Asks: 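For reference, the structure I am asking about is given below.
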Amino acid sequence: MSALGKGIIFTHFTDAQGITGITGVQAGALIVGQPMSVQKLTFDYGNNSYLAEKLGDLFVTDLGINANARELDSIGVFGDKQNFVIQFSQETAFKQVPSVRPILVRPHIYTFPGGTTLQGSLLIQRVR
């Protein structure tokens with residue numbers, strides 16, 4: 001069992017601006033490879049409509065922190081968006097009010113509603 005909770009561990013890859021905007025933690029405060037626990041994530045609305053069920057949906061993957069650049073490129077995560085990760089479990093997502101249920105749209109690619117706030121056991125890390 002993961003410290004994040006049970007079920008699928010979802011990973012949202014992002015850049016420095018995204019990590020600060022979603023978590024409130026300044027990107028410069030994160031050291032490569034050192035995880036940090038946060039209690040709240042506040043997601044805005046997504047801009048990428050490819051594979052989105054609804055306008056503004058956000059994307060997560062079941063590929064983990066150790067995904068390499070080639071794997072991330074294959075699911076549409078490019079460049080600086082590979083530098084930071086935000087992770088939460090399926091259990092944490094389901095326990096939200098209202099419940100957040102990421103939907104599988106392609107292998108390794110899930111969507112969930114933009115404008116979502118998550119609270120609980122959450123992990124962020126600079127990976128590159």
Side-chain angles (χ1 to χ4, degrees):
M1 180 168 84
S2 167
L4 292 174
K6 296 179 183 176
I8 298 167
I9 301 299
F10 294 109
T11 305
H12 179 72
F13 285 85
T14 191
D15 57 16
Q17 182 179 355
I19 199 78
T20 300
I22 296 165
T23 69
V25 175
Q26 294 300 313
L30 297 171
I31 298 167
V32 173
Q34 182 179 2
M36 177 184 282
S37 181
V38 296
Q39 297 302 306
K40 183 177 180 181
L41 302 173
T42 304
F43 290 93
D44 203 348
Y45 292 87
N47 296 320
N48 182 358
S49 61
Y50 179 69
L51 297 179
E53 185 173 304
K54 295 180 183 170
L55 190 62
D57 276 359
L58 300 165
F59 294 87
V60 290
T61 182
D62 56 9
L63 296 175
I65 286 174
N66 295 325
N68 63 45
R70 185 177 197 170
E71 290 172 305
L72 295 175
D73 287 345
S74 76
I75 63 166
V77 178
F78 304 107
D80 288 344
K81 292 210 176 200
Q82 296 182 1
N83 292 342
F84 297 87
V85 297
I86 296 168
Q87 289 191 308
F88 58 92
S89 71
Q90 186 175 30
E91 176 185 34
T92 297
F94 286 1
K95 286 182 175 181
Q96 302 304 303
V97 178
S99 182
V100 176
R101 299 186 181 272
I103 299 167
L104 179 67
V105 293
R106 279 231 175 122
H108 306 296
I109 303 172
Y110 296 77
T111 64
F112 68 100
T116 295
T117 296
L118 297 175
Q119 295 183 341
S121 182
L122 312 158
L123 177 81
I124 62 174
Q125 186 172 329
R126 184 177 193 152
V127 292
R128 292 173 180 74

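If you're wondering where the values come from, they're calculated on a predicted model, not measured in any experiment.
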Asks: Could you list the donor-acceptor pairs under 3.5 angstrom formed by side chains in residues 15-28, with sequence neighbours left out?
Replies:
from: Asp15; atom 1: OD1; to: Gln17; atom 2: N; distance (Å): 3.4
from: Asp15; atom 1: OD1; to: Gly18; atom 2: N; distance (Å): 2.8
from: Thr20; atom 1: OG1; to: Ala16; atom 2: O; distance (Å): 3.2
from: Thr20; atom 1: OG1; to: Val25; atom 2: O; distance (Å): 3.1
from: Thr20; atom 1: OG1; to: Ala27; atom 2: N; distance (Å): 3.2
from: Thr23; atom 1: OG1; to: Ile19; atom 2: O; distance (Å): 2.5
from: Thr23; atom 1: OG1; to: Val25; atom 2: N; distance (Å): 3.0

Asks: Not counting sequence neighbours, list each pair that qualifies as a salt bridge (Lys or Arg N to Asp or Glu O under 4.0 Å) and has a residue in residues 26-53.
Replies: none
Asks: Under a 4.5 Å side-chain heavy-atom rule over Ile, Leu, Val, Met, Phe, Trp and Tyr, are Val100 and Leu41 clustered together?
Replies: yes
Asks: What residue pairs, at least two apart or across chains, pass salt bridge (Lys or Arg N to Asp or Glu O under 4.0 Å) with a residue in residues 93-118?
Replies: Glu91-Lys95
Asks: When hydrophobic residues are tied together by side-chain contacts of less than 4.5 Å, even through go-betweens, does Val85 share a cluster with Met36?
Replies: no
Asks: With sequence neighbours excluded, give me every side chain to side chain donor-acceptor pair (under 3.5 Å) pair touching residues 64-78.
Replies: Asp73-Gln82
Asks: Scan for ring pair (Phe, Tyr, Trp, His ring centres under 6.0 Å) pairs involving residues 45-79, sequence neighbours excluded, and state none if there are none.
Replies: none
Asks: When you measure from the side chain of Thr61 to the backbone of His108, do you find a donor-acceptor pair of N or O atoms at a distance under 3.5 Å?
Replies: yes
Asks: Side-chain heavy atoms nearer than 4.5 Å, only ILVMFWY residues, links allowed to pass through others: does that put Val38 and Leu4 together?
Replies: no
Asks: Over all heavy atoms of both residues, which pair between Pro102 and Val60 is shortest? Give the atoms and the distance, please.
Replies: CB-CG2, 4.5 Å
Asks: Where do Asn48 and Ala52 come nearest, in terms of heavy atoms and distance?
Replies: O-CB, 4.0 Å
Asks: What's the separation between atom CD1 in Ile9 and atom CG in Leu63, rounded to the nearest 0.5 Å?
Replies: 13.5 Å
Asks: Which ILVMFWY residues are connected to Val97, directly or by a chain of links, through side-chain heavy atoms under 4.5 Å apart?
Replies: none
Asks: Phe10, Ile86: one ILVMFWY side-chain cluster at the under-4.5 Å cut-off?
Replies: yes
Asks: Applying side chain to side chain contact (heavy atoms under 4.5 Å, CB included), can you list everything that pairs with Leu58, at least two apart in sequence or on another chain?
Replies: Phe43, Phe112
Asks: Phe84: what forms a ring-ring contact (aromatic ring centres under 6.0 Å, His included) with it, not counting sequence neighbours?
Replies: none
Asks: Show your working on side chain to side chain contact (heavy atoms under 4.5 Å, CB included) between Asp57 and Val105 and close with a plain yes or no.
Replies: CA-CA 12 Å; Asp57 276 359; Val105 293; over 6 Å; no
Asks: Would you compute the distance between atom CZ of Arg126 and atom CG of Asn83 and round it to the nearest 0.5 angstrom?
Replies: 6.5 Å
Asks: Do Gln119 and Gln96 have side chains that approach each other closer than 4.5 Å (heavy atoms only, starting at C-beta)?
Replies: yes
Asks: Which residues pass the side chain to side chain donor-acceptor pair (under 3.5 Å) test with Thr92, not counting sequence neighbours?
Replies: Ser89
Asks: Just so I know, are the side chains of Phe13 and Ile75 near enough to count as touching, which here means a heavy-atom distance under 4.5 Å?
Replies: no
Asks: Hydrophobic clusters join Ile, Leu, Val, Met, Phe, Trp and Tyr when side-chain heavy atoms are under 4.5 Å apart, directly or via other members; which others share one with Phe94?
Replies: none
Asks: Say whether Ile8 and Leu118 are linked into one hydrophobic cluster, either directly or through other cluster members, by side-chain heavy-atom distances under 4.5 angstrom.
Replies: yes
Asks: What residues, two or more places apart in sequence or in another chain, satisfy side chain to side chain donor-acceptor pair (under 3.5 Å) together with Gln87?
Replies: Thr11
